[in-house]
Protein chains: 2
Amino acid sequence: MKLGDGVEQAIHCVAILAALPKDGLLPAAALAEFHGVSTSYLLKHLQTLSRAELVQSVPGPTGGYRLARAPEDITLLDIVLAVEGPEPAFRCKEIRQRGPNPLPGYMFKAPCQINRVMLRAEKAYREELRQVTIADLAAQVRTDDTEGLIEARGCAFFDAAMRHYAP
Amino acid sequence: MKLGDGVEQAIHCVAILAALPKDGLLPAAALAEFHGVSTSYLLKHLQTLSRAELVQSVPGPTGGYRLARAPEDITLLDIVLAVEGPEPAFRCKEIRQRGPNPLPGYMFKAPCQINRVMLRAEKAYREELRQVTIADLAAQVRTDDTEGLIEARGCAFFDAAMRHYAP
DNA sequence: GCTGCCCTACTCGGATAAAGGATGTCCGAGTATCTATGG
DNA sequence: CCATAGATACTCGGACATCCTTTATCCGAGTAGGGCAGC
């Protein structure tokens, strides 16, 4: 039961991308430097997000990353599943069917109770994440940032690194 | 986001232990054979459960494992936390505070929104597991096992391997 | 002076090494049973 | 015949290799912009 650091990085990056204007564009190197993490490693996760069609990659010298959808349409669950993989954390190996003298398989047509409960718990977990969008997150940050300092830092950063997307 | 196989093994073992009589006792080798898993590896997890005081270990030639509490007092959450560790799956590294020109720490007295949401989701996950006891699980299995075949297999197995606990 | 072409430099993308944790194995400490011996 | 002491064999417990997933890195493919030559 451990989530990789990539999840946190990915979420923060998507949140940053959501904060810049419609045609904004940020290269991976800038995102990595801003968060103080390894560029090449962050690229890996950004590529994953790109394959999941959460962010869009623009190649070329003035390229970078931008959101592929509106912030309201990206949930935390989308990001977590993209980075960590969609399969559930608990995977029933059906060890109840193994052992020296296993009963025939049709005896176990009812799903393993343990598996059911574990998946139900995981469903609750995902449901919580599904209800939070990147837009919600941004709104919360704006509420907390009463003095506007965090936003100011972001603007300074954008000025230095941001590019414009010309479709 | 991946749970080790040890979790499944541990839960099944606790469920088996809950099914035998009050003074019943099963050695780890028997549990491993019944589930078709590595004995030494299962021992590792049984020791963990023992340290968490979910099961009780009895040394000696007629020793083995038994439950340390009533099945009603053991939840799935207890087992999962014992095996996987109590710390949350998502650990906020506060990368928002890192980077080239970080703002002073007091700016971030409000907890990271991302962290808050992730922990809330995990709380929901744990709450689901907390509400299911080993006794509930056993009751469900009995309901599904209309023909009593699974129970019969269990009895045959117990006859061969079970010992009695003399306090 | 303007236009078109080529070269360069910077971006993302996937394939490739290194590290950490999970998995699997081994040997040591302890105890109830069995055996043998003495009363 | 009974009790007791010792040896034995089987149990759990923790320390030790091994493997695989995760983490981190590097080099290659592609593209927009700038420079240069030609018109």
Side-chain angles (χ1 to χ4, degrees), chain A residues 1-10 13 17 25-33 35-66 68 83-85 87 89-91 93 95 161-167, chain B residues 1-10 13 17 23 25-33 35-66 68 83-85 87 89 91 93 95 161-167:
Chain A
M1 194 64 177
K2 204 192 64 166
L3 268 67
D5 299 346
V7 175
E8 183 181 9
Q9 299 181 15
C13 285
L17 291 179
L25 211 60
L26 277 181
L31 286 167
E33 187 190 1
H35 289 113
V37 299
S38 157
T39 302
S40 37
Y41 186 44
L42 182 62
L43 257 169
K44 182 187 183 73
H45 294 299
L46 287 172
Q47 287 167 22
T48 304
L49 293 178
S50 176
R51 273 192 291 269
E53 298 186 355
L54 296 176
V55 305
Q56 180 184 0
S57 74
V58 177
T62 62
Y65 286 96
R66 63 195 291 267
V83 175
E84 288 287 319
E87 61 275 355
F90 184 85
R91 287 142 305 165
K93 296 282 195 316
I95 64 175
M162 195 177 75
R163 289 94 183 270
H164 289 272
Y165 175 57
Chain B
M1 194 62 176
K2 207 189 65 164
L3 267 65
D5 299 345
V7 176
E8 183 181 9
Q9 300 180 14
C13 284
L17 291 179
D23 65 339
L25 211 62
L26 277 180
L31 286 167
E33 187 190 2
H35 290 113
V37 299
S38 158
T39 301
S40 35
Y41 187 44
L42 183 61
L43 257 169
K44 185 187 182 73
H45 294 299
L46 286 173
Q47 287 166 21
T48 304
L49 294 178
S50 176
R51 273 192 290 268
E53 299 187 354
L54 296 177
V55 305
Q56 179 184 0
S57 73
V58 177
T62 62
Y65 287 97
R66 63 196 292 268
V83 175
E84 287 288 319
E87 59 276 355
R91 286 141 307 164
K93 295 284 197 312
I95 64 175
M162 195 177 78
R163 290 94 182 270
H164 289 273
Y165 176 56

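Hydrogens, waters and symmetry mates play no part in the numbers below; they use all other heavy atoms, side chains included.
Spacing between atom CD1 of Ile95(A) and atom P of dT23(C) amounts to 13 Å, rounded to whole angstrom units. Note: CD (Glu53(A)) to C1' (dC12(C)) measures 17 Å, nearest angstrom. Taking atom CG on Leu25(A) and atom C1' on dC10(C), their separation rounds to 13 Å, with Å as the unit. Atom CD of Gln47(B) is separated from atom P of dT25(C) by 15 Å (rounded to the nearest Å). If you measure from atom CG of Leu49(B) to atom C1' of dG13(D), you get 14 Å, rounded to the nearest angstrom. Remark: P of dT11(C) and OH of Tyr165(A) are 18 Å apart, rounded to the nearest angstrom. At whole-Å resolution of the value, CZ in Arg91(B) and P in dT22(D) are 13 Å apart. Rounded to whole Å, atom P of dT11(C) lies 12 Å from atom CG of Leu31(A).
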Under the side chain to side chain contact (heavy atoms under 4.5 Å, CB included) rule, what do Leu31(A) and Leu46(A) come out as? Steps first, then yes or no, please.
CA-CA 10 Å; Leu31(A) 286 167; Leu46(A) 287 172; 4.2 Å; yes

Going through the checks in order, is the side chain to side chain contact (heavy atoms under 4.5 Å, CB included) test met by Arg163(B) and Leu26(B)?
CA-CA 6 Å; Arg163(B) 290 94 182 270; Leu26(B) 277 180; 6.0 Å; no

Would you tabulate the side-chain donor-acceptor contacts of residues 54-65 of chain A under 3.5 Å, counting partners in other chains and residues two or more places apart, or write 'none'?
{"from": "Gln56(A)", "atom 1": "OE1", "to": "Arg66(A)", "atom 2": "NH1", "distance (Å)": "2.8"}
{"from": "Gln56(A)", "atom 1": "NE2", "to": "Tyr165(A)", "atom 2": "OH", "distance (Å)": "3.4"}

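In this structure a side-chain-to-backbone donor-acceptor pair under 3.5 Å is missing from Glu84(A) to Val7(A).
Phosphate proximity of dC12(C) to Ser50(A): absent, as no side-chain N or O sits under 4.0 Å from OP1 or OP2. Remark: Ser57(B) is not in phosphate contact with dT11(D), judged by side-chain N or O atoms under 4.0 Å from OP1 or OP2. Not one side-chain nitrogen or oxygen of Arg163(B) sits closer than 4.0 Å to the OP1 or OP2 atom of dA32(C).
Side-chain contact between Leu25(B) and His164(B) is absent, with no heavy-atom pair separated by less than 4.5 Å. Counting heavy atoms from C-beta on, the side chains of Lys2(A) and Arg91(B) come closer than 4.5 Å.
Residue Ala29(B) is classed as having no contact, given no heavy-atom separation below 4.0 Å to the nucleic acid.
Of all heavy-atom pairs between Leu42(A) and Ala28(A), the closest is CD2-O, 4.0 Å.
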Heavy-atom protein contacts under 4.0 Å, nucleotides 23-35 of chain D, coded B base, S sugar-phosphate only, - none:
BBB----BBBS--

